[in-house]
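Positions are given from 1 along the sequence.
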Amino acid sequence: MLDAAAAVFVTSGVEAPVRDIAAKAGVGMGTIYRHFPTRADLIVAVYRHQVEACAEAGPALLEGGASPHAALARWIDLFVDFLVTKHGLAAALQSDDAGFETLHAYFLDRLVPVCGELLDAAVAAGEISPGVAPYELMRGVGNLCIGAENDPRYDARRLAQLLVRGLRRAD
């Protein structure tokens with residue numbers, strides 16, 4: 001259900017009708033409401049599910065990647081996808097709903113250490129210079145993603161890739 005909701009949110013935003021999510025998931029609307037009594041509950045669950053997927057991808061990419069820098073670049077691609085597909089989430093997060101209050105802290109608590117692990121591995125492999133803070137890199141990538149979903153001429157992933165390429169050691 002969470003994957004179906006995420007897919008519907010990407011195309012229709014977080015205000016998409018629950019019937020569309022239920023249809024995509026192959027369940028009845030009652031099933032959605034039993035698990036997620038409010039829209040806010042569903043949005044929070046989808047967001048957490050996607051944060052977890054991004055967090056779990058980091059170590060997997062390091063383990064199976066060609067190099068730590070390549071793993072970092074691929075993870076940043078996933079992070080960009082995560083950021084630019086959140087149609088309407090920013091507005092929802094600004095609402096008065098208490099369920100949204102802890103999401104940003106959760107996001108940082110889960111993803112900053114993963115980014116740090118990828119950066120540390122790339123530094124240890126001699127692929128990038130030390131000194132790039134994970135939060136700083138994520139914030140920079142996040143800033144590159146602002147407005148990307150509203151402008152088809154703007155490719156946030158390409159710019160994030162340029163940023164990650166720029167981390168490579170010059171020597």
Side-chain angles (χ1 to χ4, degrees), residues 1-16 18 20-27 29 31-95 97-122 132-146 148-149 156-157 160-161 163-164:
M1 281 189 294
L2 295 176
D3 289 332
V8 171
F9 288 170
V10 165
T11 59
S12 303
V14 297
E15 294 302 324
V18 172
D20 293 355
I21 296 166
K24 179 90 172 160
V27 300
M29 286 181 30
T31 300
I32 301 285
Y33 285 118
R34 265 193 307 283
H35 288 88
F36 312 103
T38 69
R39 179 171 301 277
D41 294 332
L42 179 60
I43 294 168
V44 168
V46 167
Y47 185 84
R48 286 179 172 267
H49 178 68
Q50 291 185 313
V51 167
E52 285 304 313
C54 197
E56 292 168 5
L61 289 167
L62 261 180
E63 187 177 305
S67 71
H69 185 268
L72 174 65
R74 180 65 189 119
W75 188 81
I76 291 293
D77 281 346
L78 295 172
F79 183 58
V80 168
D81 288 345
F82 171 78
L83 294 175
V84 299
T85 59
K86 299 294 165 269
H87 303 295
L89 183 61
L93 291 173
Q94 298 300 320
S95 75
D97 193 297
F100 295 130
E101 290 178 12
T102 60
L103 278 181
H104 188 68
Y106 173 75
F107 168 86
L108 293 175
D109 289 347
R110 286 297 290 138
L111 297 184
V112 169
V114 173
C115 185
E117 182 181 342
L118 290 159
L119 285 167
D120 289 346
V132 178
Y135 176 80
E136 182 179 50
L137 177 60
M138 290 174 62
R139 180 79 187 252
V141 170
N143 286 338
L144 290 173
C145 294
I146 293 171
E149 72 276 4
R157 177 182 270 176
Q161 289 171 348
L163 175 64
V164 173

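Residue pairs meeting the side-chain hydrogen bond (donor to acceptor under 3.5 Å, both in side chains) criterion with at least one member in residues 75-84, sequence neighbours excluded, are Asp77-Gln161, Asp81-Arg157.
Applying the side chain to side chain contact (heavy atoms under 4.5 Å, CB included) test to Pro68 and every residue at least two apart in sequence or in another chain returns Leu62, Ala121, Ala122, Ala125, Glu127. Looking at residues two or more places apart in sequence or on another chain, you find a side chain to side chain contact (heavy atoms under 4.5 Å, CB included) between Tyr106 and Arg48, Val51, Glu52, Arg110. Legend: residues meeting side chain to side chain contact (heavy atoms under 4.5 Å, CB included) with Thr31, ordered by chain and number and at least two apart, are Met1, Val27, Arg34, His35. Looking at residues two or more places apart in sequence or on another chain, you find no salt bridge (Lys or Arg N to Asp or Glu O under 4.0 Å) involving Asp109. The side chain to side chain contact (heavy atoms under 4.5 Å, CB included) search around Gln50 returns Ala6, Val46, Phe82, Lys86, not counting sequence neighbours.
Side-chain atoms of Ser12 do not come within 3.5 Å of backbone N or O of Phe9 as any donor-acceptor pair. Between the Asn143 side chain and the Gly140 main chain, no donor and acceptor come within less than 3.5 Å of each other.
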Practice problem: For Arg39 and Val18, run side chain to side chain contact (heavy atoms under 4.5 Å, CB included): C-alpha distance rounded to whole Å, both residues' side-chain angles, the deciding distance at 0.1 Å, then the answer. | Solution: CA-CA 8 Å; Arg39 179 171 301 277; Val18 172; 3.9 Å; yes
Quiz item: For Leu137 and Leu163, what are the C-alpha separation, side-chain angles and deciding distance, and is it a side chain to side chain contact (heavy atoms under 4.5 Å, CB included)?
Solution: CA-CA 9 Å; Leu137 177 60; Leu163 175 64; 3.8 Å; yes
Self-check item: Worked check of side chain to side chain contact (heavy atoms under 4.5 Å, CB included) between Phe36 and Ile43
Solution: CA-CA 9 Å; Phe36 312 103; Ile43 294 168; over 6 Å; no
Practice problem: Carefully, step by step, assess Met138 and Leu111 under the rule side chain to side chain contact (heavy atoms under 4.5 Å, CB included). | Solution: CA-CA 9 Å; Met138 290 174 62; Leu111 297 184; 3.5 Å; yes
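Taken to the nearest 0.5 Å, the SG atom of Cys115 stands 10.5 Å off from the CD atom of Glu136. Taking CG from Leu72 and CG from Asp120, the interatomic distance works out to 10.5 Å, rounded to the nearest 0.5 Å. One finds the CG atom of Leu119 at 10.5 Å from the CD atom of Glu117 (value rounded to the nearest 0.5 Å). Here the CG atom belonging to Leu83 is positioned 9.5 Å from the CD1 atom belonging to Ile146, to the nearest 0.5 angstrom. Between Leu61 atom CG and Ile76 atom CD1 the span is 11.0 Å, to the nearest 0.5 Å.
Taking the side chain as every heavy atom from C-beta outward, Met29 and Ile21 never approach each other to under 4.5 Å.
Pairing each heavy atom of Val8 with each of Ala16, the nearest pair is CG1-CB, 3.4 Å. Across all their heavy atoms, Val114 and Ala55 have their closest contact at CG2-O, 3.5 Å.
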